[in-house]
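In what follows, chains are A, B, ... by sequence order, proteins preceding strands, each numbered from 1.
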Amino acid sequence: MSAKYQPSQFEKKWVEEWENEKAYKSRPTSAKATVGKEKSYVLAMFPYPSGAGLHVGHVRNYTGTDVVARYFRMNGHSVLHPMGWDAFGLPAENAAVKAKKNPMDMVPEHIATFKKQMKSLGFSYDWDREFATTDPNYYKWTQWLFIQFYKMGLLYKKNAPINYCPKCKTGLAEEEVLPDGTHERCGNKIEKRDLPQWVFKITKYADRLLSDLEGLDWPKGILEMQRNWIGKKEGINIDYKVVGNDHRVVPDFSTITCFTTRPDTNFGATFIVLAPEHEFVRKILNLKSQVTNKSKIQKYIEETASKSEQDRLNEQKKKTGVFTGFYAINNLNGKEIPIWVSDFVLSNFGTGAVVGVPAHDLRDYDFAKEFGIDIIRVVVGKDGDKSKITKREQVQEEEGKMINSEFLDGLDIHVATKKIMDFIEEKGWGKRVTTYHLRDWIFSRQRYWGEPIPMVFCENCAKNQLNQSSQSKSVKSVKTDLTDSTDLTGSTEMAGWFPLPESELPLKLPYVKSYEPTESGESPLSTILEFVNTKCPNCGGKAKRETDTMPNWAGSCWYFIAFAFWNKEKDLALQFLSQRGPLHPESEKIVSASSLTPSFENFKFQISNSGNLLPVDWYLGGAEHAVLHLLYSRFWVKALYDLKLLDFKEPFLRLRNQGMILAEDHRKMSKSFGNVINPDDVIAEFGADALRIYEMFMAPFNQEISWSTKSLQGSYRFVKRIWDLYQVYSVIPTKAGIQKPGSPIGVGDDKAEDKQLVVRLQKTIKKVTSDIPDVKFNTSIAAMMEFLNYYEKNPQGLSKENAKKFLQILAPFAPFMTEEIWRSVFSEKDSIHLSSWPKVEGEIVEEEIILPIQVNGKLRGTVISSQSESVESVKTKALKDEKIKKYITGEPKKVIYVPGKIINFIV
RNA sequence: GCCGGGGUGGUGAAAUGGUAUACACGCAAGUUUUAGGAACUUGUGCCUAACAAGGCGUGAAGGUUCAAGUCCUUUCCCCGGCACCA
């Protein structure tokens, strides 16, 4: 009898076999070979290898990616499908601190576990491309890139109030702080601290980061999140003259500048509000005379300062504030409007000063109501209501026409906005400005476990005002394009700072006993004198190294580029050659990036020899990176494009999100809840194929879903049924003809196969072929299940060729079982995964279609029809039907017939 | 408040404007088995009805159409993101 389905008996074998056969080796295309052959770079967001091992959520992501990679491989594409390890950063280090192990020892163990698990799942990675971001041979390039960006003027060090996590004892980027003011990694409350930090000028690229989103095939939501994060706003800064109670201009601070996007409403301005931190407020408090409200203001500011950000947000509804005793003059109508201070105005947006138009802004309205300030309507909305504004609901912003605004009256608000901006600029009262929400990127961490920043500070050179720009040449041309007032690289502030020469890379992270973060706000590296003390690259005198490290984002900002030219095989070849004697100059060509000295030429060389695989065509991963990794990588690629190191501007052409997998109890899987599903256990019980099929079938790929072991059974049954079906055939001694046992016909005879079944197979192939690139894995599998239901019941079966086709379309989902059958039942020599994807030529001709019959649009019966049948013929058949006769007497008024779809009689 | 995604059986979910609930889980009955958290067969939206047959059904209310889960208008609710951003 046939063999029982026991995946453990062959899954391991195929992992090894595929490796020996180099089945999944990427085949980069040379420029010539590209003709008529497409490439697909299919990438899953690489994992941080935690101690917990692979999560079923990883499995979902990587299986989906693997299905896409296998699909394109079988469709003849040049496929790059690599995997690596994002191993630097806080999670690894915090775990190491907890386990009292050096992360340098711990990370390789975790990687080994992950890799073993991934292999057992049959992911078709080209393991020759593997690297960890913690490899000195990898991070020497990360460091080199840092230096290039520094030379471009994109990096500078400054002392500024930054977000600081007291638990992780490090500074953080704006993007790493959650809306509730906690650290996205550890959940601890963030504080503000003054610390010297390396800062990346990502804001220089704000416009391009925004406009290039246009061409990307990404989920709408992610695009929107990036747009919001960049937060481009076009408005105008308007200057207001300030007068005191005596209506005389105050000489010391004659103007306040307010940012607004709605200058059209300026005739309705009745007050100005300053953020408590506004410098004007400080000036008032320093004034000797003239200030009546001084103590009140002082008190208010102290109060707001003592409130936490959280408290400020919680008190959203009730507006607070204090009048300064000063007035601003609205140039448009000469009116004096009072200047207030309130904490609802943010000091870090716009100018920290707002002109209040209570009729047309909810916050201004609330504020005016609270303090009895005038409310003047200047816009009439769609409803035509011109009455005085007394209710919150009347405050509308969307559309409308101007009133009470002199020369703007009657204009549409958008037209009026333009007109008054022109007017104000002409008069010299203000200037158009663009503001962004995006902030420069704090790039240094006071932690051990990261790439050391390859910079040296020389006190001597600092005294002499020397720095990098006094010696560099290579990247100058690019730099001039980007230089502006905020460029500090060449300024005195950066005096004394020098990047390491390329020959000194990598700057290795020292292996140390004590790597815990310190309280001082300095990296643990700062206590290691052998690391700190060095020579100045410029004058050769005594100097000190930067001891901060890079954030975990650094390694992931360019790993997808590295995959294109990383190559272990080449490294081995080089080792082999070097053992035989001195290297021939030609051998450079086989050198992979890991063994090369970082340099402009070598980087370019690697890219140009990477076989046109870049950029990434398919990027699959979670949505949580929307404004972190996905924004940072885009930024680096654009900078590298400007350096002419890359010839593309966007790293990820297509992005697809994978939904989270929750535990069976609908909570997050967590050790403490005891609801974690370990993929190893599932594989041991059901096999890797069943797990893969289940995870692809459980729900649409991008949807969050709870685990269900019962549902998994269904996928397991599906896999087993296919196995049994094909096993039975293998023991019948024919020319591998496919037939049901005991069936009298169809042995090895193509003519005998069931035509309806073949049509169904064709439809299934078509469906799977179009569903996979649509990332509709669940419906692909449903279609194959549907087919199997017919296949099993069909007495004749399929020809050998067609039986193989079904196996092929299943192969991306269930690589082990299909391979086993392919080679054992069908005695194929080469892997099914390298076979050609089955094609369905032309239209599928269905001979029998059950055609629904409607009368007056209601379903009343069905009739057997075919795609090409005429109206008359169908009509005659339909009208003979007893059920239909009941509803139709005489000739129908109208007949609507859509061949193969429906016939509808109107009576 | 703004932006994005949704609302369809007991559950996960399918449906280029053309038989709503494919596929799977669960459940029920039956067959088989020493047994089963195994396999197989049949059934399974709701209501009336023994059957036949009919009616109602995709969050709600309208509309367009021969025909609407799908298109349009209004509205309610859920999830995710952003937010005193001027």
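Between K710(A) and E664(A), none of the side-chain N atoms (NZ, or NE/NH1/NH2) sits under 4.0 Å from a carboxylate O, so this pair counts as no salt bridge. Looking at D217(A) and R656(A), a side-chain N of the basic residue comes within less than 4.0 Å of a carboxylate O on the acidic one, giving a salt bridge. At a threshold of 4.0 Å, the pair R721(A)-E792(A) counts as salt-bridged, since one of the basic side-chain nitrogens sits closer than that to a carboxylate oxygen.
Not one side-chain nitrogen or oxygen of N657(A) sits closer than 4.0 Å to the OP1 or OP2 atom of rG80(B). Contact annotation: Y887(A) side-chain N/O to rG54(B) OP1/OP2 distance is under 4.0 Å. Under 4.0 angstrom from either OP1 or OP2 of rC66(B) there lies no side-chain N or O belonging to R860(A).
When heavy atoms are screened at a 4.0 angstrom cut-off, D364(A) is found touching no nucleic acid atom at all. Within 4.0 Å of K893(A), counting heavy atoms only, lies no atom of the nucleic acid at all.
For the segment residues 224-239 of chain A, residues with any heavy atom less than 4.0 angstrom from an atom of RNA chain B are, sorted by number, E224(A), M225(A), K233(A). RNA chain B lies under 4.0 Å from at least one heavy atom of each of the following residues of residues 711-718 of chain A: S711(A), G714(A), R717(A).
The pairing partner recorded for rG54(B) is rC47(B), the criterion being a Watson-Crick or G-U wobble arrangement whose two distances lie under 3.5 angstrom.
Straight-line distance between the P atoms of rG9(B) and rG45(B): roughly 13 Å, to the nearest whole Å.
Closest-nucleotide positions on RNA chain B for T709(A) and K220(A) were compared, and the one nearer the 5' end corresponds to K220(A). Between F686(A) and K858(A), the one whose closest nucleotide on RNA chain B sits nearer the 5' end is F686(A).
Checking rA24(B), rG55(B), rA86(B) against every side-chain atom of V345(A), the shortest atom distance belongs to rA86(B). Listed nucleotides: rA86(B), rA24(B), rC23(B). Nearest to the side chain of T261(A): rA86(B). The side chain of N789(A) lies closest to rA24(B), out of rG54(B), rC84(B), rA24(B).
Applying the side chain to side chain contact (heavy atoms under 4.5 Å, CB included) test to D681(A) and every residue at least two apart in sequence or in another chain returns N678(A). Residues meeting the salt bridge (charged side-chain N to carboxylate O under 4.0 Å, His left out) test with K767(A), sequence neighbours left out: D771(A). Shown here are the side chain to side chain contact (heavy atoms under 4.5 Å, CB included) partners of N61(A), two or more places apart in sequence or in another chain: A44(A), T65(A), L620(A), Q658(A), F701(A).
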Pairs under 3.5 angstrom, nitrogen or oxygen only, protein versus nucleotides 14-20 of chain B, please.
from    : atom 1 : to      : atom 2 : distance (Å)
rA14(B) : OP1    : N778(A) : ND2    : 3.1
rG18(B) : N2     : Q854(A) : OE1    : 3.4
rU19(B) : O4     : I850(A) : O      : 3.4

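Between T320(A) and S342(A) the shortest heavy-atom distance is O-OG, 2.7 Å.
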